[in-house]
Every structure is written in structure tokens, then in C-alpha cells.
J.: 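The structure under discussion is supplied below as C-alpha cells; questions concerning it will follow.
When reading the values below, keep in mind they use all heavy atoms of this one structure, side chains included, and skip hydrogens, waters and symmetry mates. These figures come from a predicted structure and were not determined experimentally. Letters A, B, ... mirror the listed sequences (proteins, then strands); counts begin at 1.
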Number of protein chains: 2
Amino acid sequence: MRAEDFDEVRRLPLFRSMRPASFQAVMQGTYAQRFPPRLDLFRQGQGADFLHVVLEGSVELFADWQGASTTMAVVRPVGTFILAACIRDLPYLMSARTLEQTRILLVPAPGIRAVFREDAEFAVSIVEELAEAFRSMARHAKNLKLRNSRERIAGYLLEQSELAGRADRFVLQVEKRLVASYLGMTAENFSRALRSLAMDGVELKGQTVTITDRAALVRACPNDMLIDGPNPDATGGGLTLPRPALPRERRRKGRPGQG
Amino acid sequence: MRAEDFDEVRRLPLFRSMRPASFQAVMQGTYAQRFPPRLDLFRQGQGADFLHVVLEGSVELFADWQGASTTMAVVRPVGTFILAACIRDLPYLMSARTLEQTRILLVPAPGIRAVFREDAEFAVSIVEELAEAFRSMARHAKNLKLRNSRERIAGYLLEQSELAGRADRFVLQVEKRLVASYLGMTAENFSRALRSLAMDGVELKGQTVTITDRAALVRACPNDMLIDGPNPDATGGGLTLPRPALPRERRRKGRPGQG
DNA sequence: AGACTAACTTGATCTTGGTCAAGGATTCGG
DNA sequence: CCGAATCCTTGACCAAGATCAAGTTAGTCT
């Protein structure tokens, strides 16, 4: 592992409070790796060998069953994923693939399991990460069960706006089909419902969303702290939502290149 | 707290590995209380004052938004709930009410937060409980997103059968409307879809389910370890599914009596 | 730049599941 | 044992969302 990576990782919420010796121990066998876009990292059902930390790029977590597939989350820097599986030494419940060119830190699971029993501060960090991951997933389930697709989209746009610093204009950070899948609907239905939100103060041009009437949009999906967040820090325990950037800042060089 | 409660609690997965002094500290201000059926324990959005442990009876965790309401889980002995909220000192994401007469242990959240920083074994127990809770919730979301209502019901029946020791005949432990809500559908749709499963080897008489053709039922909902469990131990971190009993064993004295 | 590919949109149609309304079945209290 | 309340079931209808099938746009590769 490169020295600069070492420092960067050391500053991550999950690792910054632990004792130096513990950090050294966890980092045994840890390495950062760069993956091309659209690469499968692992499949659901596999054994949990490594905790993954996204350093650059983005990763989609998805699940499938009987031919159907659904996006469960998109993880961005500096989020972690499959912590729960590593802790319990159980098979992953989700599959993962990179969306863009992505750099990932792979931390051997046995080291984590060993060290967090000895370093209370590390245990605290893990507990907080896991608790947040649980809450994110609970919110996801509530969202699916309590709202219809139009409301889920409206809520998503409001959340993205929030993450962009309450901006009224922002760019969707991920493909629409992926957002649709994340929100539990087909791409077609997403497209139509999104268009229909024009009546509720949403303007669309390509990937750029402009909220022209925030009050109307909130009326379409009354905000609820207990579903929509806040997602306190950037690291949602592997459940960070796709995060938007400001319009001009797009930086979409590393997008999917091959299918 | 009664001495017998003390011993019982001490044997819970969450508490049995911790140091005696830590246990004493956590138990400061802890008390067990008996609640009548259908009593609201707390509402979503409230501050997390207590970790709850179900000692007897059962508790429904549900969520609502804009008039709609959905069951998120049913917790039975000896499961805990809202651990995540306690750890993060954040508002509950769900509401809770008793289903039957229920005895609950109320453990002050500040004590938990303080002690798990000092007792590594306790931290480990919390981490494992949380990890399992996360995985349960992830499975719940996958189930909702990847299966239609008929499949969810078939899967539920297979799971209940499993929990009853692979029995081909068992009794539903909770009201059907509650199961319907848990599975994310209306009671009417549940009733119809359940009936339609007669074609797939399911016989019904009141609350009693008989699987006459397990292979057919599995065909209706191919089992998947990564959605349906196993829910390794009884304590699913507040996410244990309603558990069935064997037919004769019903013990349904304490069922909902008043509205 | 032009061709190719993949994502997105739109329309027509159909299925699933929700809504509304009423009729049975249980259960509980007297 | 009867009556009220609640849960469950059934039917008719409706609406949300899925599917299928083109088109259109946009991004990538040569």
C-alpha cells in the first residue's frame, strides 16, 4: 500500500479513532486497487473476504433473484460496504460492480474481526457505521412501502437537492435507469413519472434537474426526516445515496465505456 | 429489577459476554415492565431513551407516513429493538406497540453508549446484533423489490414452516392483516393471493396452514438463502419475523383484546 | 465527423395489486 | 348463548405500474 493511501485511509471515520498498533494490524494484507468501469467486484452469496472502502469512483450494490435485478445502493468516496457480512463472516447479501473507474481499498475481514475485539475505539467506529447502515436500509424499506413511485421520485429529487447544498439546480449523478431501479420501478415508469412532475415544479434537461417550485415539489412528497435522512455524514455504511454535483462541475470522464 | 429477571437478562446474547461490572453499570436504571395488549410503546421520531428487550409476548414495529402505515417487523422473546437508534442517539425510525400482554426490559440508552466504549466484549455483542439487524432489513428490502406478492407469501409460508421445524402444518402467529402489511400488500390482496396458492400445494383452515406439496410451493417461490434467511438465532436485532408454533401448542390466551 | 451502441423516451396495451363495498366468520363481553 | 366488534373474505371496479415495441437522443469509438 502506498504511503499516501495509508494516510488517507487513516483519516477515514472508520479508522481514525483506533490505536496505531490496531491500525497497523488491520492494514496487514490491505491493499488499494484500481478497477475499470463496469467490473463485477463480487457476487451475492460469496464469502466475505474483504471489507471494501471506496476511495475514488463509485460502486453499485445490487441484488438479483430469478432473473430480476435491483439496485440497492450506490457507494461513493469515502464509503464502505459489506461491513455487516465481514463482521458476521457470512455470505454477501448483495453483488457489487463498479460504475466508473474506481479505486477501492480491500481490507481483509479476518483482521477486522480480530482487531475490533481488542480496540474499543475501533469497535465504536464499527458500531456507528453499522448503526447508520441499518438506519439507511430501514429508511429504504419505509420509502418503498409507504410511498408510490411519483412520491419516491419527488423525495429523491428533494434529497439530491439537499445534498447539493439546497441547490435548485443539480445534475443527476447516476444513470436514470439506475435511479429507477434503486427507487423500485422500471425505467419507463420513472421516465413518465419524472416528466409528470413538471406540474410540481420540476424542470428537466438531460441529466440536469431544476426545481422551479420547491413548495409544490414538497407538496408532492412531504418531507420526512425519518425516511429522507438526514444522512448525517458522507459515509452511510455502504448505503450512501447517489450524490449530485453542481451543474458545471460534472467531471463525467470516467463513465461506463463498454457493455 | 427482580433477581430472576437479572439472571435471565444476563444470559441474553447481548449481555452474556460482558464483564460483570459492565453489566452492573448497564443495568443501572434498567427495569422490566409488563404492558397490556395493543399499547403504544413509542412513536417514530421520539428520542431513543431506552433499548427495549422483549422478555415475553410480542411487539409490532411499524412506520407511517401521510396516513399510510406499514408493519416493519414483529419482535418476540428474546429479541431487542431500536438498538441502532440508541447507539447513535437519534430518533426512532419506527413506532412500536404491543400485540399481546408483553413484558419488556427497558435499558437506558446512555448507559449502553457509555459502557460499550469500555467493554470490548459488550461492543462485540452489539456489533453482531447490529450486523444481523442490518442483514435482516436488507433481506426485507430485497424481498419487496424482487418478488411479487404471490411469491412473497409463498416465501413467507416456507419460512414459517422452516421456523416450526420444517413442519408441514403450522399456525400463523399473527393476524393475517399484519402479515399482509409486513409483506407490503393490502389484506384483501393477501387473502386472494393466499387462496390462489391452493394450486401450489397450500391448504388453509383459519389460521392453520398445511403444506400439501412442498415442491410446488418452492416452485412458486424458489428459496434463496440470501433473502429468506436463515435467521441464525432467535434474536434478529429487532427484526425477527413472526414465528409460528405447532398447531396444538397455540397458547393464544394473550391475544389482542381491546381496540 | 460518422457509425455504433446504449440510454432514454413515448405510446399502446395488459397485469398486478389497490380501493370500495358488502357479506361471513371469530372472538370477546355480558 | 347472544350481540358487538373485529378480522377475514369475496366481488366489482379502478389505477398504478409493468411490459412490449418503436423511436429518439446522447455518448463512445474509430
J.: Could you list all N or O pairs between the protein and nucleotides 13-15 of chain C that sit under 3.5 Å apart?
T.:
none

J.: From CZ of A:Arg195 over to P of D:dA16, roughly how many Å is that when rounded to an integer?
T.: 19 Å
J.: For the pair made of CD in A:Glu151 and P in D:dA16, what is the distance, rounded to whole Å?
T.: 11 Å
J.: Between A:Glu188 and A:Arg147, just flag the one whose closest nucleotide in DNA chain D comes earlier from the 5' side.
T.: A:Arg147
J.: Can B:Thr186 and B:Arg177 be counted as having a side-chain donor-acceptor contact under 3.5 angstrom?
T.: no
J.: In whole angstroms, how far is the P atom of D:dT25 from the CG atom of A:Leu172?
T.: 19 Å
J.: For the pair made of CZ in B:Phe190 and P in D:dT10, what is the distance, rounded to whole Å?
T.: 13 Å
J.: With heavy atoms under 4.0 Å as the rule, sort A:Arg192 into base, sugar-phosphate or nothing.
T.: base
J.: Measure from NZ or CZ of A:Arg97 to the centre of the six-membered ring of A:Phe62 and say whether it is under 6.0 Å with the direction within 45° of the ring axis.
T.: yes
J.: Can you check the B:Leu146 CG to D:dA18 P distance for me, whole Å?
T.: 13 Å
J.: When you measure from the centre of the six-membered ring of A:Tyr182, is the NZ or CZ of B:Lys145 closer than 6.0 Å and no more than 45° off the axis?
T.: yes
J.: Using a cut-off of 4.0 Å on non-hydrogen atoms, how would the nucleic acid contact of B:Ser149 be classed: base, sugar-phosphate, or nothing?
T.: sugar-phosphate
J.: I need the CG-C1' distance between A:Leu178 and C:dA6, as an integer number of Å.
T.: 14 Å
J.: Indicate yes or no: does B:Arg150 engage B:Asp200 in a salt bridge with an N to O separation below 4.0 Å.
T.: yes
J.: Ignoring backbone atoms, establish whether B:Asn189 has a side-chain N or O less than 4.0 Å from OP1 or OP2 of C:dG18.
T.: yes
J.: Please report, rounded to the nearest Å, how far the C1' atom of C:dT16 is from the CD1 atom of B:Ile153.
T.: 12 Å
J.: So, does B:Thr186 get its side chain near the phosphate of C:dG18, meaning an N or O under 4.0 Å from OP1 or OP2?
T.: yes
J.: Among D:dT9, C:dT9, D:dA16, which nucleotide sits nearest the side chain of B:Lys176?
T.: D:dT9
J.: If you check the A:Glu175 side chain, which of D:dC7, D:dT10, C:dA7 turns out closest?
T.: C:dA7
J.: Hey, does the side chain of A:Thr212 reach the backbone of A:Gly201 with a donor-acceptor pair shorter than 3.5 angstrom?
T.: yes
J.: Whether the side chain of A:Gln44 engages the backbone of A:Asp64 through a donor-acceptor N/O pair (distance < 3.5 Å, no angle test) should be reported.
T.: yes
J.: Tell me the interatomic distance from A:Arg150, atom CZ, to D:dG17, atom P, rounded to whole angstroms.
T.: 10 Å
J.: State whether B:Ser191 places a side-chain N or O below 4.0 Å from either non-bridging phosphate oxygen (OP1 or OP2) of D:dC8.
T.: no
J.: Quick one: does NZ or CZ of A:Arg43 land under 6.0 Å from the six-membered ring centre of A:Tyr92, within 45 degrees of the ring axis?
T.: no
